[in-house]
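Worksheet: the structure to be examined is printed underneath.
Ligands are counted one by one from 1 in listed order, and the atoms in each one are counted from 1 as well. Residue numbers count from 1 along this sequence. Computed over heavy atoms, backbone and side chain alike; hydrogens, waters and symmetry mates excluded.
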Amino acid sequence: MTTYTRPPQNWPTNLPYLSTVHLDSSLAPSQRELVQSTRSPDPDAYMVSAQSYPQSGLFAARQLAPGTHIIDYTGLLHSCPLSTCSISDYDLAFLDRDASIAIDGAGMGNEARFINDYHGVRDGPNAVFEEYYVKVKGPKGKEMWEARMGVWVNPLSTGVAKGEEICLSYGKGYWRARLGAMEQRKEDDSRAGAAAKNETDLSEKVMSMTVKDGKG
Ligand SMILES: C[S@@+](CC[C@H](N)C(=O)[O-])C[C@H]1O[C@@H](n2cnc3c(N)ncnc32)[C@H](O)[C@@H]1O
């Protein structure tokens, strides 16, 4: 199907041309939600918070092919000097590092905030973060490009089977920051001295300390 975003030739000059519907102010929030929502009408994933599972995680609601867009990471978009980013376990640096902005899913967000790191869960990440832009209507109906942090099925994986946990790689920096904070709290010098060399070691350490703390 062709979607026209510009008026065709001879379009009447006094008639606003729309590439999507224009939302009238008469619409109630619940009616808007039916038309524009951050929730997929056909969810790709669902959250599980079972007692048998130590924390919550996100699982595939159906078979997902490599490269499929699963969900966008939502939360509080905030200014974040590098020194204070990473205090929250749900904070995600967004766009250029120099832009110093991040999305924090700690106090608000969607299912994406429940996606766990793959270490100790599966061999490798079956999902990846990738920023992308969508065209949206800005103030006064002006067309704008909006940046989103998408979670996609890892294009290098074989996909995600129905019921399988969706896992990302949080990266070395994430686990290193948490390890440092926890060690500081516990004043555990011996652990600080044994700083892990690779990401797997780091995540495993945090996991074991988290279980001891009874967190999550
Ligand atoms: C963004 S949250 C993920 C959702 C979290 N499981 C929950 O129930 O809210 C990140 C936190 O989840 C935990 N986590 C993530 N991946 C993990 C893993 N592979 N093993 C153990 N804990 C993990 C850690 O406590 C981490 O700081």
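The closest heavy-atom contact to atom 8 (O) of ligand 1, among the options S56, G57, G75, G120, comes from S56. The heavy atom nearest to atom 17 (C) of ligand 1, out of those in Y118, W175, Y170, is found in W175.
A salt bridge between R113 and E111 is absent, with no side-chain N of the basic residue lying under 4.0 Å from a carboxylate O of the acidic one. Using a 4.0 Å cut-off between charged side-chain N and carboxylate O, E146 and K135 make no salt bridge.
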### Task
Check step by step if side-chain contact (heavy atoms from CB on, under 4.5 Å) holds for V153 and I70.
CA-CA 7 Å; V153 177; I70 305 170; 3.8 Å; yes
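Near N116, meaning under 4.0 Å from one of its heavy atoms, ligand 1 places the atoms 3 (C), 4 (C), 5 (C), 6 (N), 12 (O), 14 (N), 15 (C), 16 (N). Contact atoms of ligand 1 toward F114: 4 (C), 7 (C), 8 (O), 9 (O) (distance under 4.0 Å to a heavy atom of the residue). Using a 4.0 Å cut-off to heavy atoms of D89, the atoms of ligand 1 that qualify are 1 (C), 10 (C), 27 (O).
Under 4.0 Å from ligand 1, the heavy atoms of Y174 that appear belong solely to its side chain.
Looking at Y90 next to ligand 1, an N or O pair under 3.5 Å apart turns up. Considering backbone and side-chain atoms together, Q55 places an N or O closer than 3.5 Å to an N or O of ligand 1. In terms of polar-atom proximity, D117 is counted as a contact of ligand 1, with an N or O under 3.5 Å from an N or O of the ligand.
Note that the CD1 atom of I103 and the CE atom of M149 stand 6.0 Å from one another [nearest 0.5 Å].
In this structure, Y46 and F59 have parallel ring planes: the angle between them is below the 30° cut-off, well short of the 60° mark.
Under the 6.0 Å cut-off for aromatic ring centres, F129 and W152 do not qualify, their centroids lying 6.0 Å or more apart.
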